[in-house]
Amino acid sequence: MKLDIKKILPKDPSSYNGFRPVRILLAIYMFVIVVRSCIHFFTADGGANSIAGIDISVEGGDNIIAIFHQWGAMQLLLVLLLYALFFKYPGLTPLITLTLVIEPIFRLISGKIMPVTTERTPPGESLNGLSFLVLAALFIASLIEKAVKSE
């Protein structure tokens with residue numbers, strides 16, 4: 001098994017020579033992000049109270065909701081861009097995966113810098129570690145050089 005770090009920025013991004021399950025799992029994971037983004041973007045409270053358990057009845061509660069809507073909009077924009085790259089340039093699969101590996105790390109860091117007070121643990125927080133492990137495994141798998149069968 002050989003890892004090829006050059007696959008992160010390949011010379012020819014038009015094809016992916018890695019394992020197909022990596023792309024399938026990555027597409028499914030990105031679909032989950034689309035759903036999560038739409039919840040933040042389109043629900044009345046942006047998921048702030050109904051999902052994350054943040055008290056929005058406080059002064060500034062409307063601002064909390066607005067930030068959740070904006071967060072959903074940015075998540076949706078990012079995942080749609082990643083999907084465009086995913087389908088147009090399959091060779092960028094490792095770079096796309098690396099981008100998604102970094103997200104739970106950044107969320108963990110931001111949560112340590114300024115913890116959010118909630119009534120219950122938000123799903124994003126409780127799934128952060130699992131997301132990281134799954135995405136890290138997908139990233140490593142995306143770098144594995146697939147053995148070429150000789151005839």
Side-chain angles (χ1 to χ4, degrees), residues 1-54 64-116 118 120-151:
M1 175 175 83
K2 181 181 175 192
L3 295 179
D4 185 4
I5 201 81
K6 291 179 184 174
K7 284 185 165 189
I8 295 173
L9 291 172
K11 288 184 181 179
D12 178 16
S14 66
S15 66
Y16 175 67
N17 299 322
F19 297 99
R20 188 171 187 189
V22 169
R23 286 190 46 86
I24 293 168
L25 292 171
L26 187 58
I28 292 168
Y29 186 84
M30 288 193 300
F31 179 74
V32 170
I33 295 174
V34 168
V35 171
R36 181 181 75 188
S37 303
C38 287
I39 290 168
H40 288 303
F41 195 34
F42 296 113
T43 58
D45 72 345
N49 180 264
S50 59
I51 296 173
I54 295 173
I64 295 169
I65 293 169
I67 289 169
F68 269 70
H69 285 296
Q70 291 172 14
W71 182 22
M74 289 308 300
Q75 284 179 327
L76 190 56
L77 177 63
L78 174 63
V79 76
L80 293 176
L81 175 63
L82 292 177
Y83 260 131
L85 294 173
F86 180 82
F87 288 113
K88 177 73 176 168
Y89 302 107
L92 293 180
T93 297
L95 179 63
I96 294 165
T97 310
L98 178 61
T99 301
L100 294 173
V101 167
I102 293 169
E103 184 202 13
I105 296 169
F106 280 7
R107 282 194 292 160
L108 175 70
I109 292 168
S110 66
K112 296 294 181 190
I113 293 170
M114 179 53 90
V116 177
T118 60
R120 60 190 168 278
T121 305
E125 184 179 338
S126 60
L127 296 173
N128 228 11
L130 179 62
S131 294
F132 172 76
L133 293 175
V134 168
L135 289 165
L138 281 176
F139 174 63
I140 291 167
S142 75
L143 296 176
I144 295 174
E145 198 166 302
K146 196 172 171 185
V148 180
K149 293 181 183 179
S150 57
E151 295 180 35

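Throughout, numbering of the chain's residues begins at 1 and tracks the sequence. What you see is a predicted model, and the numbers here were worked out from it, not measured in a lab.
- Exactly one residue among Leu3, Ile5, Asp4 makes a side-chain contact (heavy atoms from CB on, under 4.5 Å) with Lys7. That residue is Asp4.
- Side chains of Leu25 and Tyr29 form no contact here, defined as non-hydrogen atoms less than 4.5 Å apart.
- Between Leu143 and Ile8, some side-chain heavy-atom pair lies under the 4.5 Å cut-off.
- Here the straight-line distance linking atom CD1 of Ile65 with atom OG1 of Thr43 works out to 9.0 Å at 0.5 Å rounding.
- Residues in residues 86-116 take part in these ring pair (Phe, Tyr, Trp, His ring centres under 6.0 Å) pairs, two or more places apart or across chains: Tyr83-Phe87.
- Heavy-atom minimum distance, Val101 versus Ala136: CG2-N, 3.7 Å.
- Between Gly91 and Pro10, the closest heavy-atom pair is O-CG, 3.3 Å.
- Rounded to the nearest 0.5 Å, atoms CG (Leu108) and CD1 (Ile113) are 10.0 Å apart.
- For the atom pair CG of Leu100 and CG of Leu95, the computed distance is 9.5 Å after rounding to the nearest 0.5 Å.
- Using a distance-only test at 3.5 Å, with no hydrogens or angles considered, no donor-acceptor pair links the side chain of Lys11 to the main chain of Lys6.
- Nearest heavy-atom pair, Ala73 versus Phe41, reported as atom, atom and distance to 0.1 Å: CB-CE1, 3.6 Å.
- With values rounded to the nearest 0.5 angstrom, Leu135 atom CG is found 9.5 Å from Ile105 atom CD1.
- Under the 4.5 Å side-chain criterion, counting only non-hydrogen atoms from C-beta, Val116 is not in contact with Glu125.
- Pairs of residues two or more places apart, or lying in two chains, that qualify as side-chain hydrogen bond (donor to acceptor under 3.5 Å, both in side chains) and include a residue from residues 14-28 are Asp12-Ser14, Arg23-Thr93.
- To the nearest 0.5 Å, atom NE2 of residue His69 and atom CG of residue Asp45 are 7.0 Å apart.
- Across all their heavy atoms, Ala52 and Ala48 have their closest contact at CB-O, 3.2 Å.
- For the residue pair Ala141 and Val22, the shortest heavy atom distance occurs at CB-CG2, 3.6 Å.
- A distance of 6.0 Å separates CZ in Arg120 from CG in Asn49, rounded to the nearest 0.5 Å.
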Full working for side-chain contact (heavy atoms from CB on, under 4.5 Å) between Glu103 and Gln75: CA-CA 11 Å; Glu103 184 202 13; Gln75 284 179 327; 4.3 Å; yes
